[in-house]
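A short worksheet on the structure shown next.
Quantities reported herein were computed from a predicted structural model and do not represent experimental measurements.
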Amino acid sequence: MKIEPIEIKDKLGRTIVLRNAIPDDANDLIRYLEVISAETPYLIREPDEITITYEQEVSFINNCLTSNKSLMLIATLNGKHIGNCSLSPIGSYKRYSHRCEVAIALYQEFCGYGIGKSMLENVLEVAKGLGFEQAELEVISDNRNAIALYEKLGFKKYGSFPDNMKYANGEYASADWMMKKL
């Protein structure tokens, strides 16, 4: 789905623009995935697993733009991509039509400035406007900063997935399932 760009101010007073991802962003989004998967242990892929092609990313972006239930929102600072937040239906079945999934990630240098909170607030507003009744997400159990943010926005923990991920070094991480009524 398409939205009008939104300007927000972060905690440093910088102007951040939230807008739809467009096909011209494809290379930046692929590079972003490569960088953030190496920056944090909280994402599902190892850096060497980022194998998305430019054509696949353009197709994904175009699908989000033409969908009436999905959104890929990116944050930019002075035109530079610094993070994104997505909204998508849980599934195409009528019995799932009230549920959506949200996901967010920022380059680490931009965390802690209120950008992620603003992105999520805007995406949750869009989700509610689309008729979704609940938003869901999965978060690694020891990602305290993310969990604190989600709780501040009204998400509650409803379950855990022990040993949800196994890292390259052999260690495991559990995940929490969180949900917010919209």
Can any side-chain N or O of [X] pair as donor or acceptor with the backbone N or O of [Y] at less than 3.5 Å?
X	Y	result
Lys180	Leu153	yes
Asn20	Ile22	no
Ser67	Asn63	no
Thr40	Ile36	no
Ser59	Glu55	no
Ser160	Pro162	no
Gln56	Thr53	yes
Ser118	Ile115	no

Run the salt-bridge test on Arg19 and Asp25 with the 4.0 Å N-O cut-off and return the result as yes or no.
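Salt bridge between Arg19 and Asp25, a charged N being under 4.0 Å from a carboxylate O: yes.
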
Give a yes or no on whether a salt bridge exists between Glu125 and Lys128, defined as a side-chain N under 4.0 angstrom from a carboxylate O.
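No, this pair does not count.
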
Quick one: are Glu109 and Ile82 in side-chain contact, heavy atoms under 4.5 Å?
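No, side chains not in contact.
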
With side-chain hydrogen bond (donor to acceptor under 3.5 Å, both in side chains) as the test, would you mind laying out the steps for Lys69 and Ser88 before giving the verdict?
CA-CA 6 Å; Lys69 292 282 188 175; Ser88 55; over 6 Å; no

Residues in side-chain hydrogen bond (donor to acceptor under 3.5 Å, both in side chains) contact with Asn143, at least two apart in sequence or another chain
none

Begin with the C-alpha distance, continue with both residues' side-chain angles, and end with the deciding distance and a verdict on side-chain hydrogen bond (donor to acceptor under 3.5 Å, both in side chains) for Ser174 and Asn164.
CA-CA 5 Å; Ser174 296; Asn164 179 268; over 6 Å; no

Start with the C-alpha distance between Glu136 and Val102, add both sets of side-chain angles, then the distance that settles side-chain contact (heavy atoms from CB on, under 4.5 Å), and finish with yes or no.
CA-CA 6 Å; Glu136 304 170 18; Val102 295; over 6 Å; no

Taking it one step at a time, do Glu46 and Tyr167 satisfy side-chain contact (heavy atoms from CB on, under 4.5 Å)?
CA-CA 8 Å; Glu46 295 285 343; Tyr167 296 112; 4.2 Å; yes

Close aromatic pair by centroid cut-off 6.0 Å: Tyr32 and Tyr107:
yes

Do Leu137 and Trp177 share a hydrophobic cluster, counting only Ile, Leu, Val, Met, Phe, Trp and Tyr and linking them when any side-chain heavy atoms are less than 4.5 Å apart?
no

With a distance cut-off below 6.0 Å to the six-membered ring centre and an angular limit of 45° from the axis, does Arg99 pair with Tyr96 as a cation-pi contact?
yes

Face-on cation placement of Lys80 at Phe110 ring, 6.0 Å and 45° thresholds
no

